[in-house]
Amino acid sequence: MEEKILNNKKNGMSMLLLFLALYAAGIGLTIWGGIQMDKEATFLSVGTFVLGLLWLILGLLPFFGLKVLKPQEALVLTLFGKYVGTLKEEGFYFVNPFCSGVNPAAKTRLNQSGDVDGSSGKTLVISSGTGGAGADASGKKISLKIMTLNNSRQKINDCLGNPIEIGIAVMWRVVDTAKAVFEVDNYKEYLSLQCDSALRDIVRVYPYDVAPNVDTTGDGMADEGSLRGSSEIVAARIRNEIQQKVAEAGLEILEARITYLAYAPEIAAVMLQRQQASAIVDARKMIVDGAVGMVELALERLNERHMVELDEERKAAMVSNLLVVLCGNHDAQPVVNSGSLY
């Protein structure tokens, strides 16, 4: 379906003035014909009265062809089921009064900017329109603005099988109104479902945190990609995946961002303990390395200054005591030896 832009219909003001003048003339003809019929019922007076009365009845019909568009709005028009074209620029238009606006997603409210009815999630709300120049309800118009879709958080298993909760925000807009209206049943619901699907496809490729022997790029080589450490790369892949799926619906995905990322509640406590254990091991390793360096330095200084002569057994005891003091969790409780060293 090719989009057709109607640029030659922006004559709404002149047509409005013409219809008002004709309607005023119809009122005048009806009054004049009625007066003449009271005096003498001639063919001219009766014909004038009937003509004026018919115009008063049917003269409202052309007003339904007047359409007003604000900036960043579009209106897809059909005539007896056939696609006529799209009004896509702001202005005052006049089209065939029998043309009707089409927007299958008019009543769909997603959890997104500019399209929220005050409740969370996806909700159907009936929109009401006005008569006259606004005969097509405002809901029939398609917004061309950039919108942000905040899909609900999903629980997905990463590549290691760990359940995680993740949420994304997707910036999108309609670029082809004909495809958005006619190629899919409801482009808003279609976008939301494709966002869910793309998110699951990409998240299953990555571990939550860096893990060994994991290939996230598909090149056969292990890398350090992860959801927590490579959020920009993951978001870009999600955006490209969504764009491929919604291109046929005339939508453009401008950006995708991860808004929430955490382990699922059932394993969050265990993973926290794992992270704490890893941090403790790293800290202990650093403490031991530092303590060994300090013991080595102490022995070298004692030998250089010849302060005391220690045999191998006493050196081992001294090293043991120093390591216990330096690596212990609590402050050392010294014991004063009042006797001899041996």
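Quick note: residue numbers are just sequence positions, from 1.
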Residues, nucleotides or ligands: over 12 heavy atoms within 6.0 Å of L16 CG: yes
V76 vs N103, side chain to side chain contact (heavy atoms under 4.5 Å, CB included): CA-CA, chis, key distance, verdict: CA-CA 7 Å; V76 177; N103 183 5; over 6 Å; no
Working for side chain to side chain contact (heavy atoms under 4.5 Å, CB included), residues W172 and V246: CA-CA 10 Å; W172 67 281; V246 302; over 6 Å; no
Side-chain heavy atoms of T148 within contact of V170, under 4.5 Å: no
Y93 side chain near L6 side chain, heavy-atom distance below 4.5 Å: no
Results of side chain to side chain contact (heavy atoms under 4.5 Å, CB included) for E183 - residues two or more places apart only: M1, K179
L69 vs E89 side-chain heavy atoms within contact, under 4.5 Å: no
NZ/NE/NH1/NH2 to OD/OE distance under 4.0 Å, R257 and E232: yes
Listed once per pair and sorted, the salt bridge (charged side-chain N to carboxylate O under 4.0 Å, His left out) pairs that draw on residues 48-64, sequence neighbours left out: none
Heavy-atom side-chain proximity of L191 to I253 below 4.5 angstrom: yes
Over 12 foreign heavy atoms within 6.0 Å of CG, D223: yes
Sub-4.5 Å side-chain heavy-atom contact between Q72 and R173: no
Check: D176 and F182 side chains under 4.5 Å, non-hydrogen atoms: no
Note, E90 side chain near K70 side chain (heavy atom, < 4.5 Å): no
Parallel, tilted or perpendicular: ring planes of Y23 versus F63, cut at 30 and 60 degrees: perpendicular
Whether over 12 other heavy atoms sit under 6.0 Å from E300 CD: yes
Basic-acidic side-chain contact under 4.0 Å: K245, E241: yes
Within 6.0 angstrom of F98 CZ, more than 12 heavy atoms from elsewhere: no
Validation row: T78, S100 side chains within 4.5 angstrom (heavy atoms): yes
